[in-house]
Each structure stands twice: as C-alpha cells, then as structure tokens.
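Here the structure is a predicted model, which is why all the values come from computation and not from measurement.
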Amino acid sequence: MLSFAWKCVFLQPRIRFNMRTKKKNSRLEVIKMILSSQEVSSQEELLIELDKAGFPSTQTTLSRDMKQLKIVKATNAEGRYIYMLPNNNLYRRVSDTRFTLSAINKLGALSVKFSGNLAVVHTLPGHASHVAYDIDNSNIDEILGTIAGDDTVILVLAEGVPHEEALARLAEVVPNLS
C-alpha cells in the first residue's frame with residue numbers, strides 16, 4: 001500500500017492534466033458557440049471574443065484549437081470570408097428554398113457548358129451547393145441529378161434531351177445562364 005506522500009506525487013500530475021483538459025474542452029465549446037452565433041473573419045476577432053468570454057488565449061493555442069475543431073474559412077451569403085464549423089448549418093443543404101433562390105437570383109450562375117448528357121454550371125465560389133439544391137428541388141424531368149463542388153455543379157441529363165431544352169428548363173430555376 002502506498003503512503004500518503006507517494007499518492008500525492010503520483011496523483012498530482014493527473015489532477016493538473018484533468019484541469020487542463022477541462023479548461024481546453026470548455027474553451028473549445030466557447031469557440032463553437034462564438035462561431036455559431038456570429039460571423040468572425042479573423043483569428044484576432046476570435047481571440048477578442050474568447051477574451052470577452054473569459055478564455056484569454058494565444059494565437060498559437062487558438063490555431064491548434066481551430067485545427068482540432070476542423071474550422072474552415074468560407075464565404076457567407078454576402079461573399080465575405082468567415083470562419084465556420086464543418087457541421088455549421090451554412091454547410092448543410094437548407095430546406096427553405098426561398099433563401100437559396102433569392103441568393104441565386106441576386107448572384108446568378110456564371111455559365112453552363114454541355115457535353116453529351118452532362119452539363120457543367122460554373123458559379124461564384126461557395127455557391128454551387130445552393131444552385132444544385134435548387135435544381136434538385138425544382139423536379140426538372142430532363143435533369144436526373146446534380147453533383148456540387150465549391151464553384152461547379154455537374155448535371156446529369158436524361159437520355160436524348162436536347163441541350164437547348166435543358167438550358168430553357170434550367171433558366172426557370174437559375175437566372176442569367178449563358
């Protein structure tokens with residue numbers, strides 16, 4: 001059986017480790033809450049918000065935390081770059097097409113090109129997902145499905161659909177296609 005002194009020597013590092021881990025986990029949760037509730041476009045802004053929340057930190061620590069949380073910088077609806085969590089709602093396809101249609105009507109797609117039964121639609125960076133969502137939910141019979149990247153949407157057309165007909169149907173959903 002270990003004496004009290006030996007128990008203190010062996011247990012002390014674990015206690016410190018647990019306190020550090022709890023502090024880090026709390027800081028990570030606060031970072032998630034900040035990024036979920038406001039648009040932050042720089043690490044400096046995020047450091048200021050963390051300090052206001054009672055978690056002063058260094059840029060190095062924040063950078064490690066952001067890597068662990070898989071935080072990315074992406075464009076918002078206005079085209080400004082902001083930090084986002086990978087499971088943030090802005091990454092998910094939305095169920096309210098009024099938002100996506102209004103964004104696309106405002107920004108539009110840049111171009112469309114055809115090759116066989118495929119079409120490639122180029123959009124502004126970060127908007128391909130919205131375009132694909134609107135096309136998929138418009139239930140256009142001539143289009144079997146879409147695959148979206150960051151600024152490109154690939155459309156699979158039904159067999160034998162003339163490109164002009166597909167373009168006309170697309171123009172009903174996505175304005176300003178050329």
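Annotation for Ile135 and Leu155: closest pair CD1-CD2, 3.7 Å, computed over non-hydrogen atoms. Of all non-hydrogen atoms in Ile71 and Leu85, the two that sit nearest each other are CG1-CD2, 3.7 Å. A pairwise comparison of heavy atoms in Leu46 and Val40 identifies N-CG1, 3.7 Å as the closest pair. In terms of heavy atoms, Tyr81 sits closest to Lys73 at CB-CG, 4.1 Å. Heavy atoms only, all atoms of each residue included: Ala132 and Val153 are closest at CB-CG1, 4.0 Å. Nearest heavy atoms, Gly149 versus Ala128: O-CB, 3.3 Å.
Judged by distance alone, the side chain of Thr58 and the main-chain N or O of Thr61 form a donor-acceptor pair under 3.5 Å. Side-chain atoms of His163 come within 3.5 Å of backbone atoms of Gly116 as a donor-acceptor pair (strictly under, hydrogens ignored).
Note that CD of Gln38 and CD1 of Ile82 are 10.5 Å apart. Values are rounded to the nearest 0.5 Å. Rounding to the nearest 0.5 Å gives a distance of 12.0 Å between CG of Leu50 and CD of Glu45. Distance check, rounded to the nearest 0.5 Å: CD of Glu39 to OH of Tyr83 gives 14.0 Å. Leu28 CG to Lys23 NZ: the interatomic distance, rounded to the nearest 0.5 Å, is 12.5 Å. In this structure, OG in Ser129 is found 9.5 Å from CG in Asp136, a value given to the nearest 0.5 Å. To the nearest 0.5 Å, the span separating CG on Leu47 from CD on Glu49 amounts to 10.5 Å.
In the displayed structure, Phe114 atom CZ is contacted under 6.0 Å by more than 12 heavy atoms of other residues, nucleotides or ligands. Within a 6.0 Å sphere centred on CD of Gln59, other residues, nucleotides and ligands contribute more than 12 heavy atoms.
For the pair Thr75/Arg80, no side-chain contact is recorded, criterion being any heavy-atom separation below 4.5 Å from C-beta on. Within the 4.5 Å cutoff, the side chain of Val112 has heavy atoms near those of the Leu167 side chain. Counting only heavy atoms from C-beta outward, the side chains of Lys70 and Met84 never approach each other to under 4.5 Å. Asn139 places none of its side-chain heavy atoms less than 4.5 Å from the side chain of Asp141. Between Ile143 and Leu157 the shortest side-chain heavy-atom distance falls below 4.5 Å.
Under the 4.5 Å side-chain contact rule for hydrophobic residues, Leu35 and Val30 share a cluster.
Contacts of Glu172 classified as side-chain hydrogen bond (donor to acceptor under 3.5 Å, both in side chains), with partners at least two apart in sequence or in another chain: Arg169.
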Q. So Ile154 and Thr146, side-chain contact (heavy atoms from CB on, under 4.5 Å) or not? Walk me through it.
A. CA-CA 6 Å; Ile154 296 178; Thr146 63; over 6 Å; no
Q. Should Leu69 and Lys32 be marked as a side-chain contact (heavy atoms from CB on, under 4.5 Å) after you check the CA-CA gap, both sets of side-chain angles, and the distance that decides it?
A. CA-CA 8 Å; Leu69 292 171; Lys32 288 183 207 175; 3.5 Å; yes
